[in-house]
Amino acid sequence: MSTLLDVLAVAAPLATGWAVHVRWLGRRLNVARRDPLTGLPTRDAFTRRATALLKDPRAVVVLADVDRFKQINDTHGHSVGDMLLKATADRLAHHVGRKGVAGRLGGDEFAAVLIDEHGAAADLLALLHGILARPVDSQNPDVHTTVSLGWVRAADFPTDDLSGLLRRADESMYAAKQARSGLKRAGLGRLFATVAGRRSGRRGARTAPPAMGVAA
């Protein structure tokens, strides 16, 4: 009996220490999967969660790009630009909610997958577009910009994976930015012609794309 008690007495601190180590590893892993500026999932973490969400036929994929971001940086400084990115990330994540996921793809580009439970994605994203355009600094109302949004229903393109849907949303976002309309949905027409996955208008893409069907 005493031998068993001795073993337990030795094992208990080891078990406690291991549990603490496991929790520490979990925290470190969570930090590694988060963008240090915005706190959103990194591209890899976003991809894993978004891919799982696409199993739901109500999934909607959104691509968001901050307008005039370089101008904000040049005029007000990089710290203000960082504040703008953080505010954009917070607002996007809040709007998507716990059932969806938002991530920072890099620079001033964000992506999200949300579950459109009530078939009202167009209205929800129009509301989001207005929210994202609000000033981010109460002391300086000039620190604000619009965000161009492109979106696509996964059910419209059932053979597309996340990469293909993001590409379609990206095409629509670019069309919205060019038209200064703020928001565009990917239609059922062809994508703009691209080379190596580059959207028309980006370096490496063709300069004369065919028209793409879009719906407001």
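From a predicted model like this one, the values you see are computed outputs, not experimental measurements.
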[X]: which residues meet the salt bridge (Lys or Arg N to Asp or Glu O under 4.0 Å) condition with it, sequence neighbours left out?
X      : value
Asp90  : Lys86
Asp108 : none
Arg91  : none
Arg43  : none

Could you go through Phe46 and Val101, starting from their C-alpha distance and side-chain angles, then the distance that decides it, and tell me whether this counts as side-chain contact (heavy atoms from CB on, under 4.5 Å)? CA-CA 7 Å; Phe46 168 80; Val101 64; 3.7 Å; yes
For a quick test of reading the model, state the closest non-hydrogen atom pair linking Ser181 to Lys184 and the distance between them. OG-CE, 3.5 Å
Distance-minimising heavy-atom pair for Ala155 and Pro57: CB-O, 3.6 Å
Test side chain to side chain donor-acceptor pair (under 3.5 Å) applied to [X] - qualifying residues, sequence neighbours left out:
X      : result
Asp56  : Arg58
Asp161 : none
Thr88  : none

Linking directly or through intermediates, with side-chain heavy atoms under 4.5 Å: list the remaining ILVMFWY members grouped with Ile131, chain and number order. Leu127
With side-chain hydrogen bond (donor to acceptor under 3.5 Å, both in side chains) as the criterion, how do Asp35 and Thr42 come out once you've worked through the C-alpha distance, each side chain's angles and the decisive distance to 0.1 Å? CA-CA 5 Å; Asp35 174 60; Thr42 59; over 6 Å; no
Residue pairs meeting salt bridge (Lys or Arg N to Asp or Glu O under 4.0 Å), one or both in residues 121-134, sequence neighbours left out, come to none
Not counting sequence neighbours, list each pair that qualifies as a side-chain hydrogen bond (donor to acceptor under 3.5 Å, both in side chains) and has a residue in residues 110-122. Lys99-Glu117, Asp116-Arg153
Residue pairs passing the side-chain hydrogen bond (donor to acceptor under 3.5 Å, both in side chains) test with at least one member in residues 71-82, sequence neighbours excluded, are Lys70-Asp74
Once you round to the nearest 0.5 Å, how far does [atom1] of [X] lie from [atom2] of [Y]?
X      : Y      : atom1 : atom2 : value
Thr146 : Lys177 : OG1   : NZ    : 7.0 Å
Arg48  : Leu53  : CZ    : CG    : 13.5 Å
Asp67  : Ser148 : CG    : OG    : 3.5 Å
Asp170 : Leu63  : CG    : CG    : 4.5 Å
Phe110 : Leu105 : CZ    : CG    : 9.0 Å

Close side-chain approach of Ile72 to Val80, heavy-atom, < 4.5 Å: yes
Measuring only between side-chain heavy atoms, which start at C-beta, is Ser172 closer than 4.5 Å to Arg185? no
Begin with the C-alpha distance, continue with both residues' side-chain angles, and end with the deciding distance and a verdict on side-chain contact (heavy atoms from CB on, under 4.5 Å) for Val60 and Ile115. CA-CA 6 Å; Val60 171; Ile115 303 302; over 6 Å; no
For Asp160, give me all partners under side chain to side chain contact (heavy atoms under 4.5 Å, CB included), at least two apart in sequence or on another chain. Phe157, Leu165, Arg168
Could you go through the side-chain contact (heavy atoms from CB on, under 4.5 Å) check for Tyr174 and Asp65 one step at a time? CA-CA 9 Å; Tyr174 183 66; Asp65 190 86; over 6 Å; no
